[in-house]
Amino acid sequence: MLDPRLHHRIGYPAAERFYDAIMKVLGVVKVGRREDWWVTANGRGRLTRARLHFIRKGSRPDDASGRHWCFKAKWRTEVDAFWDAGIANGGSDDGPPGLRSYHAAYYAAFLRDPDGNRIEAVCHHAV
């Protein structure tokens, strides 16, 4: 998961649609919003013990090819839904859902967000 203090700069409103869609399928909900930022939390919106993800409006970042954020999925079906939601909401394919060679149960999908940031969802369960 992202560092709870992480703030990264991405475009609005396309980025907001994209992140709302992928976070929803991973059980991460928006818990706050202003014109220039929004914040999501895992734990289905419960702020106790939640990991917060702040996304704020700003100028387009430098080349995004070196940035990579990975989100844990509970089930392989969540990885599939993450990829489908990302593609349907302005993301681009960077690796469709499937098993990877990192270990026998590493099931992941990779997207590029509307600003080119590399986003991954992974499930480590064998089924």
Side-chain angles (χ1 to χ4, degrees):
M1 295 295 275
L2 290 174
D3 183 301
R5 297 169 303 262
L6 180 66
H7 296 267
H8 57 94
R9 297 174 180 267
I10 56 177
Y12 257 52
E16 187 171 16
R17 281 190 306 272
F18 173 84
Y19 281 97
D20 281 351
I22 66 166
M23 296 294 198
K24 181 179 179 180
V25 301
L26 296 174
V28 179
V29 298
K30 189 181 291 177
V31 293
R33 185 186 191 290
R34 282 192 342 201
E35 282 298 309
D36 59 341
W37 60 262
W38 75 89
V39 62
T40 62
N42 67 351
R44 309 227 183 253
R46 294 183 301 275
L47 293 180
T48 55
R49 297 179 163 179
R51 182 161 297 178
L52 302 178
H53 313 113
F54 292 89
I55 301 173
R56 63 183 173 152
K57 188 175 184 178
S59 58
R60 189 173 183 91
D62 296 338
D63 180 27
S65 64
R67 287 187 289 279
H68 178 128
W69 294 297
C70 182
F71 296 93
K72 289 183 182 177
K74 293 179 186 127
W75 313 109
R76 291 181 180 188
T77 54
E78 283 187 355
V79 172
D80 297 342
F82 157 88
W83 191 85
D84 290 340
I87 295 296
N89 287 279
S92 58
D93 177 26
D94 205 30
L99 289 169
R100 302 296 192 256
S101 61
Y102 307 120
H103 65 71
Y106 199 104
Y107 187 87
F110 302 86
L111 294 166
R112 294 282 179 151
D113 76 9
D115 284 321
N117 296 296
R118 297 170 62 221
I119 313 296
E120 173 185 1
V122 61
C123 176
H124 297 284
H125 301 294
V127 182

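Model, not experiment: these values are computed from the prediction.
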What pair of heavy atoms forms the shortest contact from A14 to P114, and how long is it?
O-CG, 3.9 Å

Shortest non-hydrogen contact from A73 to V79?
CB-CG2, 3.6 Å

By side-chain hydrogen bond (donor to acceptor under 3.5 Å, both in side chains), which residues pair with N89, not counting sequence neighbours?
none

Less than 4.5 Å apart, any side-chain heavy atom of L99 and any of Y106?
no

Calculate, to the nearest 0.5 Å, the distance between atoms CG and CZ belonging to L26 and F71 respectively.
7.5 Å

What's the verdict on side chain to side chain contact (heavy atoms under 4.5 Å, CB included) for I119 and F110, showing C-alpha distance, side-chain angles and the deciding distance?
CA-CA 6 Å; I119 313 296; F110 302 86; over 6 Å; no

Under the side chain to side chain contact (heavy atoms under 4.5 Å, CB included) rule, collect the residues that match up with D93, sequence neighbours excluded.
W83, I87, P96

Which pair of non-hydrogen atoms, one from V25 and one from A85, has the smallest distance, and what is that distance?
CG1-CB, 4.3 Å

Side chain to side chain contact (heavy atoms under 4.5 Å, CB included) filter on H125, not counting sequence neighbours, yields C123

List for me each residue that meets salt bridge (charged side-chain N to carboxylate O under 4.0 Å, His left out) alongside D94, sequence neighbours excluded, and say none if there are none.
R112, R118

Apart from W75 itself, what residues make up its hydrophobic cluster when side-chain heavy atoms of I, L, V, M, F, W and Y under 4.5 Å apart count as a link, directly or indirectly?
none

Please report the C-alpha distance between Y107 and V122 in whole Å, then the side-chain angles of each, then the deciding distance to 0.1 Å, and finally whether the side chain to side chain contact (heavy atoms under 4.5 Å, CB included) criterion is met.
CA-CA 6 Å; Y107 187 87; V122 61; 5.9 Å; no

Roughly how far, to the nearest 0.5 Å, is CG of N117 from CZ of F18?
9.0 Å

Sort and list the pairs that fulfil side chain to side chain donor-acceptor pair (under 3.5 Å) and have at least one residue in residues 96-105, not counting sequence neighbours.
H103-H124

